[in-house]
Colleague: 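What follows is a structure written as structure tokens; I'll ask about it next.
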Protein chains: 2
Amino acid sequence: MKAVTKAAGAAQDDPACSERLPLAARNGPVSMLVSRVARLHRIAAGKLLKGLGLYPGQEFLMMHLWDAGPVRQSELIKAVDLDPSTVTKMLQRLEQAGHVRRRPDPEDRRAVLVESTEASCGLLTEVQRSWGELEEQTLAGLTPDERIQLAHLLTRVEANLCTETADCPEVARREALG
Amino acid sequence: MKAVTKAAGAAQDDPACSERLPLAARNGPVSMLVSRVARLHRIAAGKLLKGLGLYPGQEFLMMHLWDAGPVRQSELIKAVDLDPSTVTKMLQRLEQAGHVRRRPDPEDRRAVLVESTEASCGLLTEVQRSWGELEEQTLAGLTPDERIQLAHLLTRVEANLCTETADCPEVARREALG
DNA sequence: GCGCATTCCTTGGCCGACCAAGTTAATCTC
DNA sequence: GAGATTAACTTGGTCGGCCAAGGAATGCGC
């Protein structure tokens with residue numbers, strides 16, 4: 001049922017016709033595909049972001065700050081789910097670049113509040129634009145249906161990888177409901 | 001034709017129901033998904049590989065060496081499509097770890113030949129196993145049909161990102177034929 | 001043969017990401 | 001309230017990546 005095997009011609013038995021795949025990766029053609037797509041996607045994002053004075057990865061931090069306003073660093077860390085030390089260093093650089101401001105939390109002298117600067121508000125719209133451009137570049141030639149399919153499949157893959165990593169609040173919650 | 005909209009219930013108009021997505025990423029829900037899946041997949045791979053004494057990324061280098069035997073470093077660089085300096089440093093560490101041997105090419109005194117050591121042959125089977133495990137973990141719960149679908153969609157996405165990056169020989173060739 | 005461009009690799013620097021260990025402040029316990 | 005525990009960063013180190021710049025050998029033009 002709902003067989004969509006994309007006509008015939010290139011599809012073999014295993015997913016992702018294993019055309020000249022390393023022997024050691026024959027057991028995981030889709031994983032190979034995921035790795036390559038991941039790298040290309042990150043590179044593409046990096047290129048778009050470089051023009052805006054952002055390094056790849058910093059976008060996610062800024063996105064959360066734009067959404068949430070002034071926020072405890074600890075909460076930011078939970079939100080982006082990165083190592084605390086990683087966030088510390090990224091924030092130091094973002095602060096030096098003028099995209100972010102940090103000040104001690106008056107209510108808890110160990111904590112620090114982080115917020116995006118007014119100067120970075122221009123960045124928001126540009127990041128928004130770049131992100132849309134990246135999306136179209138990624139999905140070019142795919143029909144709306146195929147895009148939805150892809151999104152669904154990736155969501156399930158994400159859930160799979162999350163439950164194993166056991167470290168992904170949003171997906172865990174999503175799982176519990178489904 | 002071939003509408004597979006996965007019944008109804010959760011799907012909205014845009015791909016990847018934009019549940020609590022950062023405002024700045026509303027234009028690119030699938031890109032967001034790709035980023036997250038990429039990170040989780042890399043983490044999962046890293047965990048499996050750590051037990052084998054490999055750092056994430058080194059697998060691809062080793063895979064090519066296992067396949068191709070002694071090889072010029074320049075060819076290895078082309079094969080994995082990484083920065084030459086990255087490969088140099090990775091090889092220095094892999095050599096120090098005993099996974100790889102390097103010697104000057106007698107036919108070209110600037111070049112260096114690289115090969116996997118005999119000791120690393122045990123690694124091959126373990127990497128193969130880990131890679132299969134990762135694949136199953138990634139694709140758990142997906143039917144064979146869905147796996148094929150996903151593989152096809154990712155292949156097209158890869159092609160999209162490649163042509164823009166203009167730096168992906170295999171896909172370029174694949175494109176020319178299709 | 002000589003000079004110049006090309007190829008091949010290395011070094012240094014930077015950033016994202018991790019881990020391990022440490023510091024300071026809040027909190028919990030008795 | 002003193003002492004132990006926990007929470008919130010920070011620092012230092014390591015790796016995978018990139019870029020820029022450099023040194024060394026090869027190849028080409030003439």
Side-chain angles (χ1 to χ4, degrees), chain A residues 35-36 38-62 71-97 99-100 102-114 165 167, chain B residues 35-36 38-47 49-50 52-62 71-97 99-100 102-114 165 167:
Chain A
S35 299
R36 290 204 301 256
R39 177 160 170 270
L40 292 170
H41 188 267
R42 188 179 180 87
I43 290 177
K47 268 188 183 171
L48 291 174
L49 261 38
K50 177 179 297 186
L52 311 182
L54 281 181
Y55 291 93
Q58 300 184 333
E59 348 131 28
F60 304 110
L61 231 55
M62 294 306 299
V71 129
R72 260 186 176 72
Q73 187 166 324
S74 62
E75 187 179 336
L76 184 58
I77 288 169
K78 270 188 301 183
V80 297
D81 191 32
L82 285 177
D83 192 272
S85 64
T86 300
V87 173
T88 293
K89 289 168 192 169
M90 283 174 76
L91 285 178
Q92 289 171 347
R93 286 158 192 154
L94 283 170
E95 183 173 32
Q96 189 174 359
H99 298 315
V100 137
R102 304 166 76 202
R103 75 185 120 94
D105 184 341
E107 300 186 5
D108 186 338
R109 275 161 47 197
R110 351 166 241 182
V112 21
L113 291 178
V114 191
T165 309
D167 179 49
Chain B
S35 300
R36 290 204 302 256
R39 178 162 169 270
L40 292 170
H41 188 266
R42 187 180 180 86
I43 289 177
K47 269 187 182 173
L49 259 40
K50 177 179 298 186
L52 311 184
L54 282 181
Y55 291 93
Q58 300 185 333
E59 346 131 28
F60 304 112
L61 232 54
M62 294 306 299
V71 129
R72 260 186 176 73
Q73 187 165 325
S74 63
E75 186 180 336
L76 185 57
I77 288 170
K78 270 188 302 184
V80 297
D81 191 33
L82 286 177
D83 193 273
S85 64
T86 300
V87 173
T88 293
K89 290 169 192 169
M90 283 174 75
L91 284 179
Q92 289 170 346
R93 287 158 191 152
L94 283 171
E95 183 173 31
Q96 189 174 359
H99 298 315
V100 138
R102 306 165 76 203
R103 75 185 120 93
D105 183 343
E107 300 186 4
D108 187 338
R109 273 161 48 197
R110 343 163 247 185
V112 20
L113 292 178
V114 191
T165 310
D167 180 46

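Please read these numbers as outputs of a predicted model, since none were measured by experiment. Per chain, numbering begins at 1; letters A, B, ... match sequence-line order.
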Colleague: List, one per line, each side-chain donor-acceptor pair under 3.5 Å for residues 87-96 of chain A, sequence neighbours excluded.
Modeller:
residue, atom, partner, partner atom, Å
Thr88(A), OG1, Gln73(A), NE2, 3.3
Thr88(A), OG1, Pro84(A), O, 3.1

Colleague: Find out whether Leu82(B) and Arg39(A) are in side-chain contact, i.e. whether some heavy atom of one side chain is under 4.5 Å from a heavy atom of the other.
Modeller: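 Heavy-atom side-chain distance check passes, below 4.5 Å.
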Colleague: Holding to side chain to side chain contact (heavy atoms under 4.5 Å, CB included), I want the full list of residues that pass it with Asp108(B), two or more places apart in sequence or in another chain.
Modeller: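 Asp108(B) satisfies side chain to side chain contact (heavy atoms under 4.5 Å, CB included) with Arg72(B), Asp105(B), Arg110(B), Ala111(B) once adjacent residues are dropped.
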Colleague: What's the separation between atom CG in Leu48(A) and atom CG in Leu54(A), rounded to the nearest 0.5 Å?
Modeller: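 Between Leu48(A) CG and Leu54(A) CG, I get 11.5 Å after rounding to 0.5 Å.
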Colleague: Would you give the length of the straight line joining atom CG of Leu52(A) to atom CE of Met62(A), rounded to the nearest 0.5 angstrom?
Modeller: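 Rounded to the nearest 0.5 Å, the CG-CE separation comes to 11.0 Å.
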Colleague: Specify the closest pair of heavy atoms between Ala38(A) and Ala38(B), including all atoms of both residues, with the distance to one decimal.
Modeller: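 Looking at all heavy atoms of both residues, the shortest contact is CB-CB, 3.3 Å.
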Colleague: In the 5'-to-3' direction, what one-character label does each nucleotide of nucleotides 8-16 of chain D receive under the scheme B = base within less than 4.0 Å of a protein heavy atom, S = sugar-phosphate only, - = no such atom?
Modeller: SSBBBB-SS
Colleague: Going 5' to 3' along DNA chain C, which are the first and last nucleotides with any atom under 4.0 Å from a heavy atom of chain B?
Modeller: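 Boundary nucleotides touching chain B, in 5' to 3' order, are dT7(C) to dC18(C).
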Colleague: Under the side chain to side chain donor-acceptor pair (under 3.5 Å) rule, collect the residues that match up with Ser85(A), sequence neighbours excluded.
Modeller: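 With sequence neighbours excluded, Ser85(A) shows a side chain to side chain donor-acceptor pair (under 3.5 Å) to Asp83(A), given in chain and number order.
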Colleague: I need the full list of side-chain hydrogen bond (donor to acceptor under 3.5 Å, both in side chains) pairs touching residues 52-61 of chain A, with sequence neighbours left out, sorted by first then second residue.
Modeller: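 Applying side-chain hydrogen bond (donor to acceptor under 3.5 Å, both in side chains) to every pair that reaches into residues 52-61 of chain A, excluding sequence neighbours, yields nothing.
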Colleague: Show me the dot-bracket string of DNA chain D, counting Watson-Crick or G-U pairs under 3.5 Å, with | for pairs to another strand and [ ] for crossing ones.
Modeller: ||||||||||||||||||||||.|||||||
Colleague: How many angstroms lie between atom CG of Leu61(B) and atom CD1 of Ile77(B), to the nearest 0.5 angstrom?
Modeller: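 Rounded to the nearest 0.5 Å, the CG-CD1 separation comes out at 9.0 Å.
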Colleague: Could you say whether Glu107(A) or Phe60(A) is positioned toward the 5' end of DNA chain C, judged by the nucleotide with the nearest heavy atom to each?
Modeller: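 Upstream on the strand: Phe60(A).
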Colleague: Of all residues at least two apart in sequence or in a different chain, which pass the side chain to side chain contact (heavy atoms under 4.5 Å, CB included) check with Ser35(A)?
Modeller: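 Side chain to side chain contact (heavy atoms under 4.5 Å, CB included) list for Ser35(A), sorted by chain: His41(B), Phe60(B), Trp131(B).
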